[in-house]
Amino acid sequence: MNEKLLKPYNPQETEDAIYKKWEESGLFNPDISIQKGFTDADAEPFSIVLPPPNVTGTLHIGHASMLAIEDIMVRYSRMKGKRTLWIPGTDHAAIATQSKVEKDLEKSEGKRKHDLGRDEFLKRVEQFAQNSHDTIVSQIKKMGSSIDWSREAYTLDKERNFAVRTAFKRMYDDKLIYRGFKVINWDPKGQTTISDDEIVYVERKAKLYTFKYSKDFPISISTTRPETKVGDTAVAVHPSDERYKQYVGKEYSFDFAGEPVTVKIVADESVDKDFGTGALGVTPAHSLVDAGIAERHNLPMKQVISEFAKMNVEAKNLKGKKVAEAREIIVEWLRTEGLLEDEKEIDQNIATAERTGGIIEPLPKLQWFIDVNKKFTIPHSEISGISSGSVTSLKELMRAAVADNQIKIIPDRFVKVYYSWIDNLHDWCISRQIWFGHRIPIWYRSTSDTAHPEVYNGMEAPEGNGWTHDEDTLDTWFSSGLWTFSTLGWPNKTKDLETYHPTTVLETGYDIIFFWVARMILMSTYLLGEVPFKTVYFHGLVRDAKGAKMSKSLGNIIDPLDMIAKYGADAVRLSLIIGTGPGNDSKLSEDKIKAYKHFANKIWNAARFVLSMTENTSVAEKPDLAEKDAEAIRVFQDTLKDTSSDIESYRFYLAGEKLYHYFWHTFADIVLEESKSTIYNGDEASKKSAQWTLLHILTESLKALHPFMPFVTEEIWSMMPGTDTLLMVEKWPFDKAQGEPS
RNA sequence: GGGCGAUUAGCUCAGUUGGUAGAGCAAUCCGUUUACACCGGAAAGGUCGCAGGUUCGAGUCCUGCAUCGCCCACCA
């Protein structure tokens, strides 16, 4: 017997060596697996992309959980003989990464990005991204992920940039991408636009002021932002509101805190008669709602707040003041003028930027958008409900893709969430005023009409002089939206693309259903005419033992690397799987991880015992079995049958628990204990039967446990008699088609 | 305002199509004779949030309510 087995299991001495063995075998790559004869060349494909971690730092326990779940699916599929491909990669995460580097730069050198200039700053970001990337890769390996490194991708590498430019051009040519002067979400802190989905609402106390613009003005209005009122161009009332009917259509001009203001009274259905005074001061430039009213009534738009969240007006007392200061000044002015009628404290949802925390300042800007409602002709479609050559829209495509279970979502309650998002979906603002990211493939050249320069879109810069490249970059989710097929070589018609797309399953957190999952569906259905994946499996958040979100400030972070160092990756994996259903948050404590370390050791010890008791036994030579042993095997087979169907139905938490329970409390505590007396005292035939049974169940258990605990099972496998190949490419021990263990 | 989820043993959670409640951890007791103390055995622990209803039978289905949590929404 191997001497290593005589000591307790030591994951630290084992795991790196095992991973190296796997990598060197090349068998994470399905092409090599076929070459070496472990996979049939025409076997059913199974493919999955790794949700690319952001290169903003290191992996957290949530990533570890994701890797564990995905690796279980991947290893199971591989053992089932499928052409199994798992593609790794990282995400440049434009805003997140850039703002991280900006912070570091400010902290360490006291510099801003403009002190360095675009090129120099980008070099710094890329250096940072490279370091993060290297850390992330080593962490993914530590978890035991059987992922094909030969196909690794990055959302900002050359191939993906080519895909991005191709996608942009297709959409531009179809007029789905357009440039428009619209009220957008401006993040004054990050100095960029952001999309609706990047807004986080924070509840705060705010003061609701009720006042009149001037003594002669007939209607009182309420607002929490008096400073924006210098930009009002209308007051909107409900058409059926008898109180104000007589004023509709009239126009009033007055001086408001030193600024000349003209408002028109308009009637609009969207106004709530019962809120406040039932009259709404319309500020078209600084509110998305008001911009809508302004559009309906053809009202002028007056920008009064700058990109730095400062007042941009002529009035001397306000000009250049921060919005908060301007608010005070105006409230004070209203008070002295006797115009303020009421102020009361209310709860308000304030919009902040997800990445920088800056308070969103809606303002009008010329930006690039994707039109989600515009009709176009789709040349090719395999989406049911959308035929090739038909006229459709991106919204319709996104809806159709999830209808009829073409994309199955687990748990299915997220289907509703997805649809309601689509129902409320506005055009997607895709341009960002940051430096790190895919540069927008648009060039401008001035013409005699200064307001309308010549615009060019192409794969490369246009010929001729005088062209300037658009300064902006694309929303990071534009490139991640292409991920399922840009990683497979698209827009080239590669064999990978043909074989592995649509991908079999997408496994990711429910928190990025809109950001990422929906955008992948948009891009894939539009560009390929097919769904990006057949199944979406949403995992939940990993919380601490008390159910609190893990965060640096709370100091309750469980670092997966620390845990792996302490308890081994197998234990970490199992602790993240068991008790964790799809779509539900789970709680993790160090005790739980410890418990599964004990399990790894239990397997180890059971293997030692079985091997020491069965030295002349071969699984290939099955003796006549005693009834007791036959029954033990039947029980084991039932377990395999159950766990197989659990895995196929994405119930990994059940499969893991059943295997754990079977191995420990049935195999080790009962089968193995009872075999002792037979082997020590029984007759030759019953001894042989018991020995064979032990070795058989151990052998098959290692296979079944392998997707969950790849390291310890592979290590024991290497010590089993007559095994010269890797456990990771052994056949899964239960075959549904035959209805019995294979 | 709309939607969703959770509520089962002290803690964490199972309970897949309705058939007399389960596991792990913790706590209690016993045990170290030849795989493992990172162990084994035993016992203990729940009116399955509340109130109705459907059913021969409900933790499981329906209705209402409560508490906690999450998501969405342009109520100024």
Side-chain angles (χ1 to χ4, degrees), chain A residues 1 5-10 183 185 196-197 199 201 206 208-210 221-225 228-229 232 235-236 270-283 287-293 346 348-349 351 362 411 413-421 423-424 426 510-511 513-514 540-541 543 545-547 549 567-568 571 574-575 578-581 583-589 591-592 594-613 642 645-646 649-651 653-654 656-658 660-661 664-665 668-670 672-673 675-676 679-680 694:
Chain A
M1 191 190 319
L5 256 184
L6 299 176
K7 291 183 290 182
Y9 176 57
N10 185 336
V183 176
N185 309 304
D196 297 344
D197 299 286
I199 291 175
Y201 290 96
L208 181 69
Y209 302 95
T210 303
I221 57 160
S222 298
T223 184
T224 54
R225 300 202 58 190
T228 63
K229 299 288 104 182
D232 282 11
V235 165
S270 72
V271 179
D272 181 353
K273 276 193 282 192
D274 301 322
F275 186 88
T277 61
L280 166 68
V282 183
T283 324
S287 155
L288 264 75
V289 197
D290 295 7
I293 298 175
I346 59 161
Q348 190 191 223
N349 275 338
R413 62 184 143 94
F414 285 104
V415 172
K416 242 177 140 170
V417 177
Y418 174 82
Y419 279 131
S420 71
W421 180 78
D423 289 341
N424 290 307
H426 300 297
Y510 62 76
D511 52 328
I513 178 169
F514 309 135
L541 250 59
R543 294 167 177 276
K546 291 176 193 141
K549 239 181 191 170
Y567 305 108
L574 217 52
S575 72
I578 294 180
T580 309
N584 290 331
D585 294 353
S586 59
K587 294 177 194 174
L588 181 69
S589 64
D591 276 350
K592 190 174 176 188
K594 205 157 125 193
Y596 293 114
K597 176 189 161 43
H598 295 173
F599 181 52
N601 195 55
K602 186 77 185 180
I603 302 173
W604 186 260
N605 283 309
R608 175 199 305 152
F609 177 78
V610 170
L611 291 180
S612 72
M613 301 299 272
D642 273 8
S645 89
D646 284 337
S649 313
Y650 300 93
R651 296 188 296 256
Y653 57 106
L654 275 184
E657 191 169 340
K658 281 176 188 166
Y660 169 93
H661 198 257
W664 198 316
H665 299 295
D669 289 348
I670 300 172
L672 202 147
E673 285 302 328
S675 75
K676 285 180 182 173
I679 292 173
Y680 293 134
L694 287 185

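Keep in mind that what you see is a predicted model, and the values were worked out from it rather than measured. Throughout, a chain's letter reflects where its sequence line sits, starting with A, and its residues are numbered from 1. Basis for what follows: all heavy atoms, side chains included, without hydrogens, waters or symmetry-related copies.
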* Asked: Could you state the CG-P distance from A:D646 to B:rA14, rounded to the nearest angstrom?
  ->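 Distance, rounded to whole Å: 14 Å.
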* Asked: In whole angstroms, how far is the P atom of B:rC38 from the CD1 atom of A:I603?
  ->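 For the pair A:I603 CD1 and B:rC38 P, the rounded distance is 17 Å.
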Could you measure between the two [atom1] atoms, the one in [N] and the one in [M], and give it in whole Å?
{"N": "B:rC38", "M": "B:rG3", "atom1": "C1'", "answer": "47 Å"}
{"N": "B:rU12", "M": "B:rU7", "atom1": "P", "answer": "11 Å"}
{"N": "B:rA21", "M": "B:rC48", "atom1": "C1'", "answer": "8 Å"}
{"N": "B:rG45", "M": "B:rG53", "atom1": "C1'", "answer": "32 Å"}
{"N": "B:rG31", "M": "B:rG69", "atom1": "P", "answer": "48 Å"}
{"N": "B:rG15", "M": "B:rC61", "atom1": "P", "answer": "12 Å"}
{"N": "B:rA51", "M": "B:rA14", "atom1": "C1'", "answer": "27 Å"}
{"N": "B:rU67", "M": "B:rA27", "atom1": "P", "answer": "36 Å"}

* **Earlier contact from the 5' end, RNA chain B, for A:Y9 and A:T277** =>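 Going by which nucleotide is closer to the 5' end, it is A:Y9.
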* Asked: More 5' along RNA chain B: A:Y660 or A:R651, using each one's nearest nucleotide?
  ->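 It is A:R651 whose nearest nucleotide is closer to the 5' end.
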From [options], pick the nucleotide closest to the side chain of [X]?
{"X": "A:W664", "options": "B:rG40, B:rA14, B:rA76", "answer": "B:rG40"}
{"X": "A:Q348", "options": "B:rC38, B:rA76, B:rG40", "answer": "B:rA76"}
{"X": "A:D272", "options": "B:rU16, B:rC75, B:rU12", "answer": "B:rC75"}
{"X": "A:E673", "options": "B:rA73, B:rC36, B:rG15", "answer": "B:rC36"}
{"X": "A:K587", "options": "B:rC25, B:rA76, B:rC13", "answer": "B:rC13"}
{"X": "A:N424", "options": "B:rA73, B:rC74, B:rA35", "answer": "B:rA73"}
{"X": "A:R608", "options": "B:rA76, B:rC38, B:rC36", "answer": "B:rC36"}
{"X": "A:K676", "options": "B:rG5, B:rA35, B:rA23", "answer": "B:rA35"}

* Determine whether A:F514 and A:D196 make a side-chain contact, defined as any pair of heavy atoms from C-beta on separated by less than 4.5 Å. =>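 No. Closest side-chain heavy atoms not under 4.5 Å.
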Is [X] near enough to [N] that one of its side-chain N or O atoms lies under 4.0 angstrom from OP1 or OP2?
{"X": "A:K592", "N": "B:rC25", "result": "no"}
{"X": "A:W421", "N": "B:rG3", "result": "no"}
{"X": "A:H665", "N": "B:rG24", "result": "yes"}
{"X": "A:H598", "N": "B:rC39", "result": "yes"}
{"X": "A:Y653", "N": "B:rU12", "result": "no"}

Pick base, sugar-phosphate or nothing for [X], based on heavy-atom distances below 4.0 Å to the nucleic acid.
{"X": "A:K416", "result": "sugar-phosphate"}
{"X": "A:F414", "result": "nothing"}
{"X": "A:L672", "result": "base"}
{"X": "A:F514", "result": "sugar-phosphate"}
{"X": "A:G276", "result": "nothing"}
{"X": "A:D274", "result": "nothing"}
{"X": "A:V610", "result": "nothing"}
{"X": "A:A668", "result": "base"}
{"X": "A:D591", "result": "nothing"}
{"X": "A:L280", "result": "base"}

* Asked: Looking only at N and O atoms, is any donor in the side chain of A:K602 or the base of B:rC36 less than 3.5 Å from an acceptor on the other one?
  ->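 By the distance-only test, yes, there is a pair.
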* For A:P8 and A:R608, which heavy atoms make the closest approach, and how far apart are they? ->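 Closest approach of A:P8 to A:R608: N-NH2, 4.2 Å.
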* Can you check whether A:W664's main-chain N or O pairs, donor with acceptor, with A:K602's side chain at less than 3.5 Å? ->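 A pair under 3.5 Å: no.
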* Does any nucleotide pair with B:rU32 by Watson-Crick or G-U wobble geometry, both distances under 3.5 Å, and what is it? ->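 Its partner: none found.
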